[in-house]
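Take a look at the structure set out below.
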Amino acid sequence: MQKSTGSLRRNNMRASLLYAPTLRETPAEAEVISHQLMLRAGFIRKSAGGMYTYLPLAWRVLKKIETIVREEMNAKGGQEVAMPIIQPAEIWQETGRWDVYGDEMFRLKDRHNRDFCLGPTHEEMITTVVRSDVRSYRQLPLMLYQIQNKYRDEIRPRFGLMRGREFIMKDLYSFDRDEKGLDENYAKMYDAYSRIFTRCGLAFRPVEADSGAIGGSGSHEFMVIADSGEAAIVYCPECNYAANVEKAELLPISAGIEVPDTLVEKSTPGTKTIEEISGFLGVSADKTIKTLAYQTEKGLVLALVRGDHEINEIKLQNQLNCLHLGLADETAVVRLTGAIPGFIGPVGVKDTVIVADATVMNMHNAVSGANKTDYHYINVNPGRDFNPTIVADIRLIKENDPCPRCGAAVATARGIEVGQVFKLYTKYTSALKATYLDENGKERPMVMGCYGIGVSRTMAAAIEQNHDENGIVWSAAIAPYQAVVIPVNVKDDAQMVLAERLYQLLNEAGIEAVLDDRAERAGVKFKDADLIGYPLKITLGPKAINENKIEVKVRRSGEVFFFETDNLIDEVQQLLSTL
RNA sequence: CGGGGCGUGGCUCAGUUUGGUAGAGCACCUGGCUUGGGACCAGGGGGUCGCAGGUUCAAAUCCUGCCGCUCCGACCA
C-alpha cells in the first residue's frame, strides 16, 4: 500500500480483492427483485431457509442504515444497550407469551434441560432489566434501544431478507411515569422514524396500524411504498389520513327509509355465492347480507356484512377478543345452522354470537340465507328478524370507500412495513411487576412503548423501491460505496496511474470508493458497477488522458458529466449531496 | 400444516417418458488474442445426479421412505 501524504487513508478497496461474487444469471430460488439482485450482486448468500450470510457489500449497507438509526435514536435521548440473543423461558412464562408465541419461537434447552428461546423480540428482557433497577419516578423517562439479530421461526420464510427467520432489528423501549410521557416519547419516535427513512432516501408513508399480537393500543406502521409490498394500505388524497387496510375504519353506510315487508322464504337452488343469489333473485348485491361462520377457541360465531362488502378478520378478531380465528369448516356449519355454507343467515339462530357490521343494521328488506340448503329469506330486517350480539365496524376497506376523516374517496397502495411504533401502556410492566414509586410514594406500573425498525428489511425495501433492469440503485446515504473508479484499459499505464491518483484523492476527501483494477473488459466492469449500484461511476478512458476530462456517470439518472481533475473532488461531493 | 413445482459441477439448465460409459452454456485455471456496455480461440480442473433402502446383469432414469428448496394459502418487523 502506498503511503498517502498526511491524511489518514480511510479505505483501500480494489475490485480485484473485493469479495462481491457477482452472478450473470439469477438463481432460481429468488422470487422478488431485492432477493435476486442481492444474490446476483454478491451481497448475500443463503445458509438455510430464511437465514443469510451478509457479504461485505451488504454489511456495509446495513452498517450505514444502523448508523442513521443510531444517530436519530441518540438524538431523541435513546441509550443503546445489547441484550442476550438467548433468553430464559421464565420471563416469557411470566407474561404468558411462552405459550402464546407458539411455533414461531425458536426454542432450545441447555445441558440442564432448562428452557430457552432465541429472542424474537425483547420486551420481556428489557422490562426485567428495568424493573430491578428503576425504583423512582426520578429515574424516568427512560429510552433504551438495541440493534441486534432477532429470530422468528416463520411458517414460510420468503422473499429473501424481506421475511427471514433471522433478521436485524432495532427496537427501542420507552418507560414513562404516565400516558402523557408515553405520548411525548411516541411523538419523538414518530419524528425520528420519519427522519430515518427520509435520510435513507426512501419514499415512505406512516399509516395507522392494528397493534396485533404484541399488544397495547395505538400504533403506526412506516411503509415503504412498493408494488411488491406485502401490506395493503389506504390513504386519503384530500386529508392526510392513511392506514393499513387491517386497521382502516369505516363509518356505517345509511340506506334510506323503507317500509319493512313480510319475511318470506324462497327456494333458491344452487345459489351459494352473493353473485349467484343476487342474479337469481334480481336484486343488487348491496341488498344482500353475507353471513360467514368462524371458528374460534371460544366456539363458532357468525359474522355479517353487506353482500358487496368483505370482512376484515382483524377487526372481527378484535371485537371477539379471541386468539384464533378461522373460517369454520362445512361440517361445523351444518351442525350449527342445518345448512351448508351459502345458505346460512342470522335469522332464527340461537345461542350463537353474531357480529354484524354496522352497515348491515341500516339495511331494509334484505336477502339472507334461510339456514336451509337451497333456500333464502327475502325481506330480512335487522332488529326485527334478528338481533346481533355485537354491532361494530368489521368491514374491509376498499378503494374509493369514503375516508373516515373527511369522506373523500380513499386510494390504495402497497407497502413494505419497515417500522412500527406501539403504545404498550402497562401490558408488560404489569405482568412483570415493573413498578416505580411516584411523588406520593405510591407504587405504579411504568408506562411503556416499543418502537421497531427492521434494519435488514429496510435494506431489501430500498432495493425493491430503487432498482432498474441493470441492477440496484442506492441512494448515497446507504450505498456500500459512493463511487467506483473504472480505468477502461488496465494495460494502459497512463490510465492506471491516473486511476490510482484519483482513487487516492477520493479517499483523502473521505469519499468511499472502489478502484476497479480487474483485468476485465470495460463492459464487464460497467455491468458489475450497475448491478452493485454505486451512485457514481468514474470512468477513465482516452478522453481523461488526452483532454483531462473525467467522465462521471450518475447511476440513478444516467446523466454524464465531464470534470477536470482539479475540480473532480468538489464536483463529486456536490453531486453526492444530491443523491 | 394443506395444495402445486423442483432437487444433475459455483450459477442456469438438458438428459428421466423408453434403464446401457454423466452433458451444454456461463463461471473458474493456463496460453494466445482483444480492450468504452457481460468478446474470441485453444487446452484444462471440477459432479458418489438431495439422502437411505429396494428392483435389475446394469439405476440420474423404475419402486418405497425420508430430507431440502420453492410457489400459492392461514401468521408476521
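Throughout, a chain's letter reflects where its sequence line sits, starting with A, and its residues are numbered from 1.
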* At under 4.0 Å between heavy atoms, what does P21(A) touch on the DNA or RNA strands: base, sugar-phosphate, or nothing? -> nothing
* Base G38(B) paired with E520(A) side chain (donor-acceptor, <3.5 Å) -> no
* To do: Test for a donor-acceptor pair under 3.5 Å between the base of G36(B) and the side chain of Q495(A), counting only N and O atoms.
  => no
* To do: For F159(A) and C75(B), give me the distance from atom CZ to atom C1', rounded to whole Å.
  => 14 Å
* **Contacts of type side chain to side chain donor-acceptor pair (under 3.5 Å), residue K290(A), not counting sequence neighbours** => E310(A)
* Asked: Are any of K46(A)'s side-chain N or O atoms less than 4.0 Å away from OP1 or OP2 of U70(B)?
  -> yes
* With heavy atoms under 4.0 Å as the rule, sort G42(A) into base, sugar-phosphate or nothing. => nothing
* To do: Establish, yes or no, whether a centroid distance under 6.0 Å links the rings of H220(A) and Y190(A).
  => yes
* To do: Record whether the side chain of R163(A) comes under 3.5 Å of the base of C76(B) through a donor-acceptor pair of N or O atoms.
  => yes
* To do: Sticking with atom C1', work out how far C28(B) lies from C66(B), rounded to a whole angstrom.
  => 35 Å
* Asked: Does the G36(B) base have a donor-acceptor partner in the side chain of K553(A) within less than 3.5 Å?
  -> no
* Sequence neighbours left out, what pairs pass salt bridge (Lys or Arg N to Asp or Glu O under 4.0 Å) with at least one residue falling in residues 480-495 of chain A? => none
* Asked: Does any donor-acceptor pair link the side chain of K525(A) with the base of U35(B) at a separation under 3.5 Å?
  -> no
* Asked: Rounded to the nearest Å, what distance is computed from the CG atom of residue D103(A) to the P atom of nucleotide A74(B)?
  -> 18 Å
* Could you tell me whether the side chain of R24(A) has a donor or acceptor atom within less than 3.5 Å of a complementary atom in the base of U12(B)? => no
* To do: Assign L531(A) to base, sugar-phosphate, or nothing according to its heavy-atom contacts below 4.0 angstrom with the strands shown.
  => base
